[in-house]
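First the structure, in the form of C-alpha cells, and then the observations on it.
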Amino acid sequence: MAVSLGTLRLWDSVLELTKRSQDKGSDPIIWAIHLSSHLNSAGVSLPSPDLANILVSNICWDNNNPNSWKFLEKALIFNIVPPLLVLALLSTRVIPKRHTQPAAFRLYMELLKRHAFKLKPHVDYKNYEMIMESIDNVLNLSQIFGIKVDDPGSVLLEFMVSTVWQLVEAALEDEGLLELTKERKQKWNVPQDMEVDCSGSYDGKKNEYQEILQSRNTVVAIELIGLFLQNKTTSRILFLARRNMPTHWRSLIQDIEVLAVNSSALRNSKVMTPEILLQLISDDQKIMPEGKKANYLQDIHTMMSSSAGISHKVSGSSLWIPIDLVLEDAMDGAQVDTTSAIEIITRLVKALQALHGTTWNECFLGLWMAALRLVQRDRDPIEGPMPRLDTRLCMLLSITTLVVSDLIEDEESLSQNNISCQITQNHKENRRMELVSSLQSLGDYQSLLTPPQSVIPAANQAAARALIFISGINVGGSAYFDLVNMKDITNNISGNLHHLIVEACIARKLLDTSAYYWPGYVTGHINQIPHGIPAQVPGWSTFMKGAPMTAAMMNALVSEPASSLAELEKVFEIAVNGSDDEKIAAATILCGASLIEGWNVQEHSVYFITRLLSPPPPANYSGHDSHLITYAPMLNSLLVGIAPIDCVQIFSLHGLVPQLAGSLMPICEVFGSCVPNISWTLATGEEISAYAVFSNAFALLLKLWRFNHPPLEYGVGDVPPVGAQLTPEYLLLVRNSLLVSSNSMYEDRNRRRLLEVAKASCPNTIFVDSFPKLKAWYRQHQACLASTLSGLVHSPVHQIVESLLNMMFRKINRNQPLTSVSGSSSSSGPGSEDASLRPKLPAWDILEAVPFVVDAALTACAHGRLSPRELCTGLKDLADFLPASLAIIVSYFSAEVSRGVWKPVFMNGTDWPSPAANLSNVEEHIKNILAATNVNVPRLFAGITSPFTLPLPLAAFVSLTITYKLDKASQRFLNLAGPALESLAAGCPWPCMPIVASLWTQKAKKWSDFLVFSSSRTVFLHDNDAVYQLLKSCFTATLGLNNSLVSTHGGVGALLGHGFGSNFYGEISPVAPGFLYLRVYRSIRDIMFLREDIISILMQCVKEIASNGVTPPKGKQETKYGQVSLATCLTKVKLAAQLAASILWISGGQGLVQSLINETLPSWFISAHREETGRPVSMLSGYALGYFTVVCGAFAWSVDSSTSVSKWRPKFLGSHMEFLASALDGKITLGCDPVTWHSYVTSFLNLMVGCMPNWVVEVDVEVLKRLSKGLRQWNEEELALKLLESGGVGSMGAAAELISQSDS
C-alpha cells in the first residue's frame, strides 16, 4: 500500500509540474529535463508506460491545446515516454474523434511520421517487453488477431498492421466507402466514451476550416498508408503479416483495394496515385535489401542462391536430367514399383520447377521432351525379356499426360483463401495456357517427334482426324475411322508423336479441338470421302450401336484400341453380367489393344482389369465354395492377358501393383485349394484346370516382389532398407493405407484414382492372415531362404514328396531311394502311366513338398544316383505338371547357391552343357561395353580358361531353363525365372554369369545382345571400385569435363545415350554410362557406400570445374572474364550437384537420402580434409554440397506437404538444422575448411528460403533463432532475416525485431 500511495503521489507531482510549466509558458525542453531528472531520482525506469498513459489522458480532452502537444512531443524526443505506446493510446482516442478534433488527428499523424518509421530505438529499450505488453492491452491485439505466440516482436508486428488498418478504415469512413467493403463495418475505430464535452476545438477555428482540415486529413492519412507500404522497415514488417496472418491481411488488402479504386481524396494527392497504391499491395512488390557490398564471395553467393542460375550456358535438356533418369529407370523390367509413376514424376516436376525458378511452359516442355527422348532411345531395341516400346509409349502418352493433368488441376483447385490467388488474379500464371504454349513449341523439335515404325499408323490417323476436322467434313465422329482406310481419304499425310500427344491431351480435356488450327500442325489435303462404306463392319462403332459379341467382333475389338471411356464401360458391363463366353471375350478385349495401345484411355483399362480380377458374387450365387470358381475362364483370360512384361510394367507405372496383389491373393488362395479334377472347357475346345489358373495367378503375384531374395538383403545397421523390399505384407500395407487415409491431408487426384479402384475391388482392408494357405507357403518360403531344409521323418508332407519323386523319375530304375528320409524304395518301375502317377492334390499341398523334392533330386545328382540329364528332365516334368512349382524351384536354387555348400560341376559338354563355343565372344563384348564407360576391372578379365565350372544348383537351374521353348505359353514363366537366374549367376564367383550367358546365347541367339549386356552388369556386383568408376563416368559425361570417349559435349545425350543399338556387324554397341548405371544399381547389395562415393566424386568434379575456368588471365578484361568464368563454373557445379542428388535418390530412395543428411554429411563436415584446394574451390565445394543436399531433400520429401513422403521431412530436416545450429553455436568442432562450411550453410539456407519456404516453417523456432544469430555473426544479415521471415508465426516476432534493429 505504501508503494501504491507513493506512486500516486509521484504522478500527482508530475501532473502538477506539467500544469505549472504550461501555465507559466515554460520552455517544453526545460520541462522535459526537469521531469526526466525528477523521475530518475524517484527510481522510475524510462521511458515510462505509466507516464504515457497520464500525459495522453491529460490531453484527451481536458488540455487539448497546442502547448500540451508540444510538451508531449518533447517527452517523446527525450525518451521519457515510449513513442509506440503513446501512438497506440492516441489512436484509441483521436481517430474516433477525428471529425470533431481534426487538428488533433493531424498532430497524431505527424507523430506517426516522426516515430513509427524508426523502430530500432524502441526495440533497444530495457523495458521493451513491458511496453509491448502495454500496447497489446491498449489495443487488444492478441484478441483481435488471435495469435497465440506471446512475444514482443509479434505485438510490434500487430501494432504496425493495426495502425495501417485504422488509417484505412478512417479514410474509408470519411469518404463514405465503408459500405463497399466486405465487412461493411468498422473493425478498429469504435467511438470512445467522452471524458468531457468536446463540441468545440482548441484552436477556435470555424466549422468551414474544420471541414477543409478534415478533407486534407483524409489525403494525409492515405499518403501515410502508402508511406507505411513504401518504407523499407515498415513494409518488410507488413510483408511478414502477409505471410503469417493471411486471413487478416486479405481483409486489409481488400479494404485498401476499395480505397484505391474509389477514393476521390487519393486522386487529389500529389505524392500517391491509385496505381502506386495497388502496386504496393500486389504480390509482385518485392522487398529488396539495400546497400550490399559487391565482392567475389558475394557474387558466388548471389548466383548460387539464384534459382535460375543453372540455366546459364546449359542446354535446356540438362535442366531436366532428373526427369530423364527417372523415366529411363522406370523402364527396367527387373522390378515393379508400388508408387505410381504419376506421383513420382509430379513430385519431381514440382521440385525442379521450384529449384530452377522456371515457368510452367518450360517445365511442361522439358517434361514432354524427356518423355520423347525416352521413346527415341528404343528405336533400335535388342531382343530379350525386357520392357519394350509399349511401356515407353505408355510413359509418353498416358503417364506424362496424367502428370500434366494433375499439375493443372492442382492450380485450378487451389483454395480461394490463397492470398496470391486473390490479390494477383490477373497476373497469375495459368498452367493450362502454359501447357498450350509448350505443346505449340514442341512442334519445332521434329527429330524427337519422328514416330517408331509400329506407331506410324496411329500417328497418321491422329493427323487425319485433325485434317478432317479443320476441313469441316462431318464423318460421324471417331467411329468413322473404324470403317475406312486412311489411304482412301488422305494423300501425303504425315503424322508424328506430336499429333498423338495432342490427342491424348484432348481426350483428357486438357486441350480442345482449337489445337487442330495451330500453324503447321497438320499438312496435306482431303480426297473425296468414300460413299460405299459398309454398315456392319465389326468395330467399336457397330459394337456401341448394339452389335452382338461374335468371334469376329471380339477379334476386331482386341486389335483396335478403344477411344473413349464409354466403350470400355460397355465392355466391362459385359464382363460382369454377360454369358460365360461373353465374359471371356470381354476380358480378352480389355487385355488387348486397349491396354497396350489405348493411350487415351489406358488408365481406365488397367482399372477395369484390376476390378475384374475381384469380381462380385453373381446375383443368384448360393454355393458354399468361393464365387471366384465360377469366373475361372474369365479370370484365366485376364491373367494370361496381363502376364507379358510390358503389361506388368504398365500396371506398375499406373501405381496398381498393390491393388493387383490384393486381387491376385484371393485367386491364389481359392484355386490353390481346389482339387485338380475341376476343369473348364472353353468354346474353342481348350480345357483349363485349377492348376492352370492358380499357376498363372501365382506366377504373376511373384513378379510383384523379389521373392527369391532374402527379406533383409539391403538392411544396414539402424537404417531401414533402401532397396525396394517388396513383400506380400508390404504390398497389402500400401493398398490398405489408401483406404484408411482416404480423407487425410495427403489425398490428391492420383491417390483418389487409386482409392476408387481399391474400393471397387474390395472396400475392406486385406491382410496376409486372410489367406492361410498363402501365408503358410510364404512362411515356409522365408524359412527355406534363411536356413537349410529340415528332415521329413514323420512329416505329413512325406507321402507327397514320395509321390512327386515317383512321377518325376518314373522311367529310372534305382536301387536306392532318392530321399534320405524314407526306409523303403521309391522306385516304381517302368511302364506306369503318367496319369496314375500324378498326385491328385491341391496346388498348395504340392508347393509345400516341392523344396524337399528338389533337395532330394539335387542330392541324388550330387552323389551320382541321378544324371544331370535325368535331373533336368525330372524338374521339367514337375514344372509341366504344376507350372507354379517353377517358382519354388527358383527360390530353392537361389537359397542353396548363396549357402555355398554344393561342389562345382564341370560344364564340359558331356554331363553338363558347355559354354566353350562362344564364351570368348561374350567376354570380348563385355570388355567393350565396360571400356566405353571408362570402367577398368583387370582382375576379372585375366582370362577365362577351361575347365568351366558352375555351382551344382546354378548348373541345374540354367540347364532347366534351357529346356523351355521360347513360345508365348512358356514366356510368362521364363519371365519369372529369367531375372532370378541372372541374380543367381551374378551372385556367384566370376565368370559364372558369362558362362550362363554363353549357354543361353546358344539356346536363343536373338537374345545374345541382351544376355551380353546382362553379363556386363554383373561386373559391378563383384567390384565396388567398378561402381565408383561408372559413377565417375556418369559425371564426366554429363559435365563434358574431358575428351574421353563418353564426354563429348555433355548433357543428357552423353549421360543416357541412345539406349541399345547394334553396330555394322550386328553386335550390341556400347551404351552410355548413365544408361548402364540404371540397369546396375538395383543389384548392388550394399548400396549405402554410394553416399560417400557420390560426395567424393562431386568434390572431384568441383575441383576439375574450378581448374578449367575460375582463374582469369591478366589484362584489361580480367574482371569481365572472371565474372563470366565464375558464372559458367557455378552452372556446372549446380548441374553436377543435381546429377549427384538424382543418382543418390534413384539408387536408394528416401531411406538413402535421409541417411545421407542425418549421418553422412555431419560426419563429412566433422572429419578433417587436409587437402589444400584454395579459397575458390573451397567456396564452390560448399555451395555444391548445399545445392546437393537441398535437391536430395526436394526429391525425397517433395517441396510441399501435399504428399505422404513429406511426413518424414520435419524429423530429418530438423535434425540437420539442429546440427547446423549447434556448429554455429560452437558446440560442435568441425574439421572441414571454414570457407567450405560457410558456403555450405549459406547456400543450403538460401535455397531453403528461396525455393522451399514450406520447409522452414517446419523447423523448430528456437533452432531458427540460433541459426539467425550465427548468421549475423558472419555478417549474413539478409539471410538471417529471410530465415526468420520464412519461419512462420513462431518466428515472425523475432523477424520483426531484427528488421527493426537493421533499420539505419
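Worth saying up front: this structure is predicted, and the values here are computed from it rather than measured.
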message = Within the structure provided, determine whether Leu1090 and Val1027 are in side-chain contact (heavy-atom separation under 4.5 Å).
response = yes
ask   = Would you say the side chain of Ser1083 lies within less than 4.5 Å of the side chain of Ser983, judging by non-hydrogen atoms?
value = no
ask   = Are Leu981 and Leu954 side-chain neighbours, meaning at least one heavy-atom pair lies under 4.5 Å?
value = yes
key: Set of ring pair (Phe, Tyr, Trp, His ring centres under 6.0 Å) partners for Tyr1077, sequence neighbours left out   = Tyr1081
request  = Evaluate the side-chain hydrogen bond (donor to acceptor under 3.5 Å, both in side chains) criterion for residues Gln1029 and Asp1025: first the C-alpha distance (whole Å), next the side-chain angles of each, then the deciding distance (0.1 Å), finally the verdict.
outcome  = CA-CA 6 Å; Gln1029 293 179 50; Asp1025 185 60; 2.8 Å; yes
query = For atom CZ of Arg869, is the number of surrounding heavy atoms from other residues, nucleotides or ligands below 6.0 Å larger than 12?
reply = no
query = Looking only at heavy atoms, which two atoms of Val657 and Ser652 are closest? And how far apart?
reply = CG2-CA, 3.7 Å
query = How many angstroms lie between atom SG of Cys394 and atom CG of Asp390, to the nearest 0.5 angstrom?
reply = 9.0 Å
inquiry  = Closer than 3.5 angstrom, by distance alone: can the side chain of Asp855 be matched with the main-chain N or O of Pro851 as a donor-acceptor pair?
reply    = no
task = With the side chain counted from C-beta on, respond yes when Val850 and Tyr892 share a heavy-atom pair under 4.5 Å apart, and no when they do not.
result = no
note = CD (Glu924) and CG (Leu919) are apart, to the nearest 0.5 Å, by 11.5 Å
Gap between atom CD1 of Ile642 and atom SG of Cys591 - 0.5 Å precision = 6.0 Å
ask   = Looking at Phe1020, does the NZ or CZ of Arg1017 lie under 6.0 angstrom from its six-membered ring centre and within 45 degrees of the ring axis?
value = no
message = So does Leu389 get a backbone contact from the side chain of Asp378, meaning a donor-acceptor N/O pair under 3.5 Å?
response = yes
key: Heavy-atom closest contact (Lys703 atom, Ala643 atom, distance)   = NZ-O, 3.0 Å
note = In short, side chain to side chain donor-acceptor pair (under 3.5 Å) pairs touching residues 872-882 with sequence neighbours left out are Lys876-Asp880
4.5 Å side-chain heavy-atom contact, Ile962 and Trp1000 = yes
inquiry  = So which atom in Trp844 and which in Cys668 form the shortest heavy-atom distance, rounded to 0.1 Å?
reply    = NE1-O, 3.2 Å
ask   = When rounded to the nearest 0.5 angstrom, what distance separates CG in Leu882 from CZ in Arg838?
value = 10.5 Å
key: Atom of Gly909, atom of Ser914 and distance for their closest heavy-atom approach   = N-CB, 3.5 Å
query = Would Phe948 and Leu999 satisfy side chain to side chain contact (heavy atoms under 4.5 Å, CB included), going step by step from the backbone distance to the final call?
reply = CA-CA 12 Å; Phe948 311 118; Leu999 293 173; over 6 Å; no
ask   = Can any side-chain N or O of Ser695 pair as donor or acceptor with the backbone N or O of Ala884 at less than 3.5 Å?
value = yes
query = Relative to the ring of Trp777, is the ring of Phe698 parallel (under 30°), tilted (30 to 60°) or perpendicular (over 60°)?
reply = perpendicular
task = Decide if atom CD of Glu687 counts as having more than 12 heavy atoms of other residues, nucleotides or ligands within a radius under 6.0 Å.
result = yes
ask   = Mind checking whether Met907 and Val996 have side chains closer than 4.5 Å, heavy atoms only?
value = no
inquiry  = Any side-chain to backbone donor/acceptor pair from Lys1003 onto Tyr964? Under 3.5 Å, distance only.
reply    = yes
CG on Leu886 to OG on Ser891, rounded to 0.5 Å = 9.5 Å
query = Any donor-acceptor pair under 3.5 Å linking the side chain of Ser1033 with the backbone of Thr933?
reply = yes
query = Partners of Tyr691 by ring pair (Phe, Tyr, Trp, His ring centres under 6.0 Å), sequence neighbours excluded?
reply = Phe881
request  = Please step through side chain to side chain contact (heavy atoms under 4.5 Å, CB included) for the pair Ile888 and Val854, ending with a clear verdict.
outcome  = CA-CA 9 Å; Ile888 314 305; Val854 181; over 6 Å; no
ask   = Ignoring hydrogens and geometry, is there a side-chain-to-backbone donor-acceptor pair from Ser1016 to Ile929 under 3.5 Å?
value = no
task = Go through the steps for Ser867 and Asp911 under the test side chain to side chain contact (heavy atoms under 4.5 Å, CB included), then give the verdict.
result = CA-CA 7 Å; Ser867 69; Asp911 297 322; over 6 Å; no
query = Is any side-chain heavy atom of Tyr778 less than 4.5 Å from a side-chain heavy atom of Thr727?
reply = yes
task = Locate the shortest heavy-atom distance separating Val693 from Asn636; write the atom from each residue and the value.
result = CA-OD1, 3.8 Å
query = Do you know which two heavy atoms are closest between Ala895 and Cys784, and how far apart they sit?
reply = CB-O, 3.6 Å
ask   = Got a donor-acceptor contact below 3.5 angstrom from the His1058 side chain to the Ala1072 backbone?
value = no
Any donor-acceptor N/O pair, Gln649 side chain to Arg388 backbone, under 3.5 Å = no
query = Quick one: does Glu870's side chain have a donor or acceptor within less than 3.5 Å of a partner on Phe809's backbone?
reply = no
request  = Look up atom CZ in Phe694 and atom NZ in Lys773, then write down how far apart they are to the nearest 0.5 Å.
outcome  = 11.0 Å
task = Determine, step by step, whether Glu328 and Arg1079 satisfy the side chain to side chain contact (heavy atoms under 4.5 Å, CB included) criterion, reporting the C-alpha distance in whole Å, the side-chain angles of both residues, the deciding distance to 0.1 Å, and the verdict.
result = CA-CA 10 Å; Glu328 187 59 57; Arg1079 300 298 179 264; 2.6 Å; yes
key: Close side-chain approach of Ile995 to Val958, heavy-atom, < 4.5 Å   = no
